[in-house]
Protein chains: 2
Amino acid sequence: MNLKELAHHLGLSQSTVSRALNGYQDVSPDTRERVLAAARRFDYSPNASAHRLATGQSGAIGIVFPSGNDPLLDPLFTDFLSGLTNAAARHQMDILVSASLDTAEASYRRLAQRGSVDAIVLSSPLAEDPRVPLLDGLGIPCVVHGRTRSPHPHAFLDIDNEGAFRQATELLVGLGHRRVGLVNGDARQAFAVDREAGWRSALQQAGLTAPDTLNGSDIMTDEAGYRLTAGMLAGATPPTAIICSSIFSAVGACRAIRDRGLAIGSDISVIAHDDGITSIRPEAHHPPLTTTFSSIHRAGERIAEIAADLIGGKSPADCQEVWPVDLIFRDSTRPPVGA
Amino acid sequence: MNLKELAHHLGLSQSTVSRALNGYQDVSPDTRERVLAAARRFDYSPNASAHRLATGQSGAIGIVFPSGNDPLLDPLFTDFLSGLTNAAARHQMDILVSASLDTAEASYRRLAQRGSVDAIVLSSPLAEDPRVPLLDGLGIPCVVHGRTRSPHPHAFLDIDNEGAFRQATELLVGLGHRRVGLVNGDARQAFAVDREAGWRSALQQAGLTAPDTLNGSDIMTDEAGYRLTAGMLAGATPPTAIICSSIFSAVGACRAIRDRGLAIGSDISVIAHDDGITSIRPEAHHPPLTTTFSSIHRAGERIAEIAADLIGGKSPADCQEVWPVDLIFRDSTRPPVGA
DNA sequence: TTATTGAATAAAAGCGCTTTTGGTGTGGTT
DNA sequence: AACCACACCAAAAGCGCTTTTATTCAATAA
């Protein structure tokens, strides 16, 4: 059932039916009611492709999957995407996930030029990310989950990574720790840069050093978390506390600590950043992990809204948000041994 | 830059340019070369909406996100989606992720009627899943990741869940275990039903019982894995081995075992099903976990191909695959204490 | 009365592509 | 010379909608 048939069935013109369905004013209440009733009865819904061609809008927000070769498949992505999709649906939009077969640049270019999407979401930005100027050049609205150092004014939603890790480090220092290890994500990622800065600043503020031996950086898997932590614990000046950039790293870190015959909390304190993903919960650990918390699901929701604003014409400069991060104190952080 | 402009620029008609770009035969090699060169030079790519309207195909495969209220956000989804997206891109298709705001049924209905997608992927099917007949009624091709008990002949890709868990149980029984606990997923899910059947059949084959107290079923998070395992270990006849339906449950199960002062492998054997997700690797555990393994990423890839076949007109009955599952022996499975 | 508005609807144009149909000029066949 | 393929290309229709422009008819104003 399409517009034409529906109109013919009602003895009305296509335009009248279209206007009635789309809530325009110049249709009598009477006809409108008839049209709506018929649409319901025939279970009519307008064809997506035709609608898009006519309006020039695709009704979709695009997101490009980190390339197939990259082993760093973000497990947080599911929760993020779930939020994104939910909020997008509320704005009558869909999420288009695209893979980068060749280069990431080519994917973005294709997406933009073909008009497959009205806006693009950038995830896991690097500190200096070439994608932002690229998309700007292509003239397609884009909102970054995170932040780049780009002087380019771009729409973004980020969490206060620096503040979160400064607070976490301050907490540990306040408990008496003097050697705090950092198990961070990939050093090129913007969030990792910020977190390191927070860690460093808190230590310096307290008159402590931030030695390279306690500054670990790698992908955020349990394996890498284990390796980095085990390395630090085996070093000449092992840490008495560890801060992990993800709950996955923390799982590995905890195993490294236990494997060394040490207890989490009493021997080595642990703080992890928790994005609130459902499959691994820090409060279910033994002992429950102290965390810096910010829901990546809610971030996804908000980003879809920002994208909708952008499509509606809002200026990117007016679409910049930094969310505070909660520090949730649990049992994995205690004063160091002998304090 | 659109077709019209490009054609005008070349002094050719739109149809000729279109045919040249789409590889039809009745265009001289000469003109084709000219057209392609111009397209490259002006960085032309055809408008997606127009293409879709003209061909009647959306060029997208749809997948509906498990509803927003459902806490069971599948963390495996990322890896699956990644495979799906990659393979889809190879077939020039995109993946459209849609949320179910109201009911799941309404979402599918909308997707199908609006022609937003050419095929739909169904994830996490229940043993009896109403979505299969629904989509069939809507006349939109659908491929199920997993299998339903539906008499409806539907396209699917499943792994041999029953065989995998039978083999795993047989391995444990062969080592001398007589009480094997099952930490399964949600009992309504098709895969959980099959895995339980495999476990049960292996035990019965060996003349052993499959008591309800050792048959745990819940969502596949570390927390639930911990709870189920702790419960079994605290019971009157605790298991000497545990089989987990996911690596996340296994993380929880391992913690429960350790918390009870027992060692994994020597005291309690553990086998986990591993979907090959990148963030948590069983071989990185201590001890490395024995697993039943099947890559969910590759399943995603294959499913996109099946969807493409279906769109191409292949019959659903000819699109049914069951993949064998590897049993990978590592150090978490040993003979029981005293054997 | 006659022009003037305004409401309600119809008609038609257009979005950018694909595809069908039609037309031209070449060369080979009878 | 007439015919027919054949290769190549142009013109035009059509996909299903939205939106602009026209039209009708009744009610009001001059």
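None of these values were measured; they are calculated from a predicted model. In the text below, chain A, chain B and the rest are named by the order of the sequence lines, each starting its count at 1.
Taking side-chain N and O atoms only, S28(B) has a distance below 4.0 Å to OP1 or OP2 of dC9(D). Taking side-chain N and O atoms only, N22(A) has a distance below 4.0 Å to OP1 or OP2 of dT18(D). Listed pair Y24(A) / dA8(C) fails the phosphate criterion, with no side-chain N or O lying under 4.0 Å from OP1 or OP2. The phosphate of dT9(C) has OP1 or OP2 within less than 4.0 Å of a side-chain N or O from T31(A). Applying the 4.0 Å criterion to OP1 and OP2 of dC17(C), one finds that S18(B) has every side-chain N and O outside that range. Listed pair Y44(A) / dC17(D) meets the phosphate criterion, a side-chain N or O lying under 4.0 Å from OP1 or OP2. Residue T16(A) places at least one side-chain N or O closer than 4.0 Å to OP1 or OP2 of dA10(C).
Here the closest heavy-atom approach between residue I63(A) and residue V121(A) is recorded as CG1-O, 3.9 Å.
Look at CG on D118(B): it is 18 Å from P on dC15(D), rounded to the nearest Å. Rounded to whole angstrom, the span from the CG atom of N2(A) across to the C1' atom of dC15(D) amounts to 10 Å. The distance from atom CG of N47(A) to atom P of dG14(D) is 18 Å, rounded to the nearest whole Å. In this entry the distance linking CD of Q25(B) with C1' of dC8(D) reads 13 Å, nearest Å. Nucleotide dT19(C) holds its C1' atom 12 Å from the NE2 atom of H51(B), rounded to whole Å. As rounded to whole Å, 15 Å separates atom C1' of dC17(C) from atom CE of M1(B). Rounded to an integer number of Å, the gap from Q14(B) CD to dC15(C) C1' is 12 Å. Here dG16(D) presents its C1' atom at 11 Å from CD of E5(A), a figure rounded to the nearest Å.
Here OG1 of T16(A) is found 10.5 Å from CG of L21(A). Values are rounded to the nearest 0.5 Å. To the nearest 0.5 angstrom, D275(B) atom CG is 6.5 Å from I159(B) atom CD1.
Between E305(B) and R302(B), at least one side-chain nitrogen of the basic residue sits less than 4.0 Å from a carboxylate oxygen of the acidic one, meeting the salt-bridge criterion.
Where L53(B) and S13(B) each meet DNA chain D at their nearest nucleotide, the meeting point lying more 5' is that of S13(B). Taking for each of S15(B) and S49(B) the nucleotide of DNA chain C with the nearest heavy atom, the 5'-most of the two is the partner of S49(B).
The residue R52(A) sits apart from the nucleic acid: no heavy atom pair falls under 4.0 Å. Heavy atoms of G115(B) sit nowhere under 4.0 angstrom from any nucleic acid atom.
Closest approach to the A54(B) side chain among dT20(D), dC15(C), dG16(C) is made by dG16(C) (side chain taken as heavy atoms from C-beta onward).
For H8(B), the NE2 atom sits in a loose shell: 12 or fewer heavy atoms of surrounding residues, nucleotides or ligands are nearer than 6.0 Å.
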